[in-house]
Amino acid sequence: MNRFVYRYKFLLMVVILLSNACAVSMKKTLPGVRVDPEIVADKIERAAGLLKTDKQILKVRLLDKGRTFSGDGALAYRSPDTLQLSIYGPPFTTLWMQMLSRGDSIVVVLPKDSKVIRASRKDPLPLTKMAGSEGLTDSQFMGAVTGVFQLDGFRGPGTVATAATVDGVSTLRLSEGATVYEFQYADSLEAVLSFVHYRDGKKCREVTRAEFQTVDLLPRAKKTIYRDYIQDREITVLVVKETVNPELADEAFQLLLP
């Protein structure tokens with residue numbers, strides 16, 4: 001494979017994450033004491049509402065079946081659904097990719113190749129083909145990269161919610177047909193610790209948030225790990241610097257189109 005094509009696929013994996021099939025079984029019964037699921041859902045949505053805007057400087061490390069990519073990144077987020085993500089390097093002064101997700105629209109720019117890829121949440125095929133894998137282009141993606149999980153994006157007309165709590169950590173399970181989403185929420189941090197997506201009882205992808213610190217009175221994870229179980233891929237993102245709820249001008253969400 002052409003090394004530039006491989007590198008572009010590698011980078012696209014960073015921003016659309018991954019997963020097409022599943023492994024690792026789901027526990028049929030939630031451990032702990034059963035609680036009202038809407039109480040847990042309210043806590044998750046209340047935490048999501050506190051982050052209006054966000055600016056981050058990132059260090060990204062991607063492990064992909066024996067290959068490793070490392071680079072720097074920058075993220076700007078505006079609630080509820082606008083996000084711009086840039087990935088640099090190597091060398092770290094080179095802009096390799098930018099992505100802008102706004103509403104239903106997704107635009108990816110590959111400056112080295114003077115290429116622009118346009119897609120949408122309803123039709124992510126252009127991104128899917130470029131990355132060689134099913135992409136996250138909805139609430140899962142926004143939650144994974146910002147820590148904000150807006151539950152309306154995970155509920156359908158037939159969704160059934162259950163919840164349980166153990167030692168101050170509550171698990172909310174949203175089930176509809178073969179699709180199940182689980183969120184772990186820590187009362188002491190007032191934040192989501194992890195998110196898991198199951199299909200047919202098997203684990204597809206997982207997001208783990210750790211090393212929390214308080215930034216402008218909000219709990220923020222310094223380390224986030226994305227795991228794709230069936231394709232044996234893992235993305236680690238370290239937040240070097242973060243500014244919470246700044247006033248961001250529209251210029252912060254513009255791409256450098258070739």
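Quick note: residue numbers are just sequence positions, from 1.
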Give a yes or no on whether V169 and L151 share a hydrophobic cluster (residues Ile, Leu, Val, Met, Phe, Trp, Tyr; joining criterion: side-chain heavy atoms under 4.5 Å apart).
-> no
In terms of hydrophobic clusters joined by side-chain contacts under 4.5 Å, are I106 and I117 together?
-> yes
Between R102 and D81, does at least one N-O distance fall below 4.0 Å, as a salt bridge requires?
-> no
Using the rule that two of Ile, Leu, Val, Met, Phe, Trp, Tyr join whenever any of their side-chain heavy atoms come within less than 4.5 Å, decide whether V244 and V145 are in one cluster.
-> yes
Between L238 and L58, does a side-chain contact (heavy atoms from CB on, under 4.5 Å) hold up when you go through it step by step?
-> CA-CA 6 Å; L238 303 176; L58 311 170; over 6 Å; no
Would you check, one step at a time, whether the test side-chain hydrogen bond (donor to acceptor under 3.5 Å, both in side chains) holds for K202 with S25?
-> CA-CA 4 Å; K202 303 293 184 178; S25 296; 2.9 Å; yes
Here the gap from S79 atom OG to K52 atom NZ, rounded to the nearest 0.5 Å, amounts to 6.0 Å
Apply side-chain hydrogen bond (donor to acceptor under 3.5 Å, both in side chains) to the pair T159 and E176, showing each step before the final yes or no.
-> CA-CA 5 Å; T159 298; E176 185 171 9; 3.1 Å; yes
Cationic N near anionic O, under 4.0 Å, E190 to R220 = no
In this structure, CG of L63 is separated from OG1 of T68 (nearest 0.5 Å) by 5.0 Å
Supply the members, apart from L248, of the Ile/Leu/Val/Met/Phe/Trp/Tyr cluster built from side-chain contacts under 4.5 Å; use none for a lone residue.
-> L100, V107, V109, V116, F253, L255, L257
Hydrophobic cluster partners of V240 (side-chain heavy atoms under 4.5 Å) = I57
When every non-hydrogen atom of P31 is compared with those of A164, the smallest separation belongs to O-CB, 3.4 Å
Are R78 and D54 ion-paired here, with the side-chain N under 4.0 Å from a carboxylate O?
-> no
State whether D228 and R205 are salt-bridged, where the test is any N-O pair (Lys NZ or Arg NE/NH1/NH2 against Asp/Glu carboxylate O) under 4.0 Å.
-> no
Taking all non-hydrogen atoms of both residues into account, name the closest pair between A221 and V239 and its distance.
-> O-CG2, 3.8 Å
side-chain contact (heavy atoms from CB on, under 4.5 Å) between V237 and K223, intermediate numbers included | CA-CA 6 Å; V237 176; K223 181 178 182 179; over 6 Å; no
Ignoring hydrogens and geometry, is there a side-chain-to-backbone donor-acceptor pair from T146 to V148 under 3.5 Å?
-> yes
Could you walk me through whether L193 and R209 pass the side-chain contact (heavy atoms from CB on, under 4.5 Å) check?
-> CA-CA 5 Å; L193 299 179; R209 308 176 67 231; 5.8 Å; no
Quick one: closest heavy-atom pair of A252 and A76, and the distance?
-> O-CB, 4.2 Å
dist R118:CZ -> S120:OG (nearest 0.5 Å) comes out at 12.5 Å
Applying the 4.5 Å side-chain criterion to the ILVMFWY set and letting contacts propagate, would V215 and F212 be lumped into a single cluster?
-> no
Going through the checks in order, is the side-chain contact (heavy atoms from CB on, under 4.5 Å) test met by Y77 and M142?
-> CA-CA 9 Å; Y77 164 79; M142 298 296 286; 3.7 Å; yes
Is it true that a side-chain atom of N245 and a backbone atom of T53 form a donor plus acceptor pair closer than 3.5 Å?
-> yes
Side chains of D152 and E45: does their closest heavy-atom pair fall under 4.5 Å?
-> yes
Considering only heavy atoms from C-beta outward, does the side chain of I87 approach that of V60 to under 4.5 Å?
-> yes
Between Y226 and A144, what is the shortest heavy-atom contact and its length?
-> OH-O, 3.0 Å
Could you give the distance from NZ (K222) to CD (Q56), rounded to the nearest 0.5 Å?
-> 12.5 Å
In this structure, CZ of F149 is separated from CG of L172 (nearest 0.5 Å) by 12.0 Å
Does a side-chain heavy-atom distance below 4.5 Å link T162 with P37?
-> no
Ring pair (Phe, Tyr, Trp, His ring centres under 6.0 Å) with F154: which residues, sequence neighbours excluded?
-> Y181, F183, F195
Write down the atom of T165, the atom of S170, and the distance for their closest heavy-atom approach.
-> OG1-OG, 3.4 Å
Roughly how far, to the nearest 0.5 Å, is OG1 of T236 from CD1 of I225?
-> 4.5 Å
Hey, are the side chains of E182 and M26 touching, using non-hydrogen atoms and a 4.5 Å cut-off?
-> yes
All heavy atoms of T29 vs all of R173, minimum pair found to be N-NH1, 4.4 Å
Do the side-chain N and O atoms of S86 and Q98 include a donor-acceptor pair separated by under 3.5 angstrom?
-> yes
Using a strict cut-off of less than 4.0 Å between a Lys/Arg side-chain nitrogen and an Asp/Glu carboxylate oxygen, indicate whether D232 and R227 qualify as a salt bridge.
-> no
Are L30 and L174 joined in one hydrophobic group, where the rule is that I, L, V, M, F, W and Y side chains link up if heavy atoms are under 4.5 Å apart?
-> no
Please tell me if the side chains of L95 and K112 come closer than 4.5 Å, counting only heavy atoms from C-beta onward.
-> no
Is the closest side-chain heavy-atom distance between Q84 and L75 below 4.5 Å?
-> no
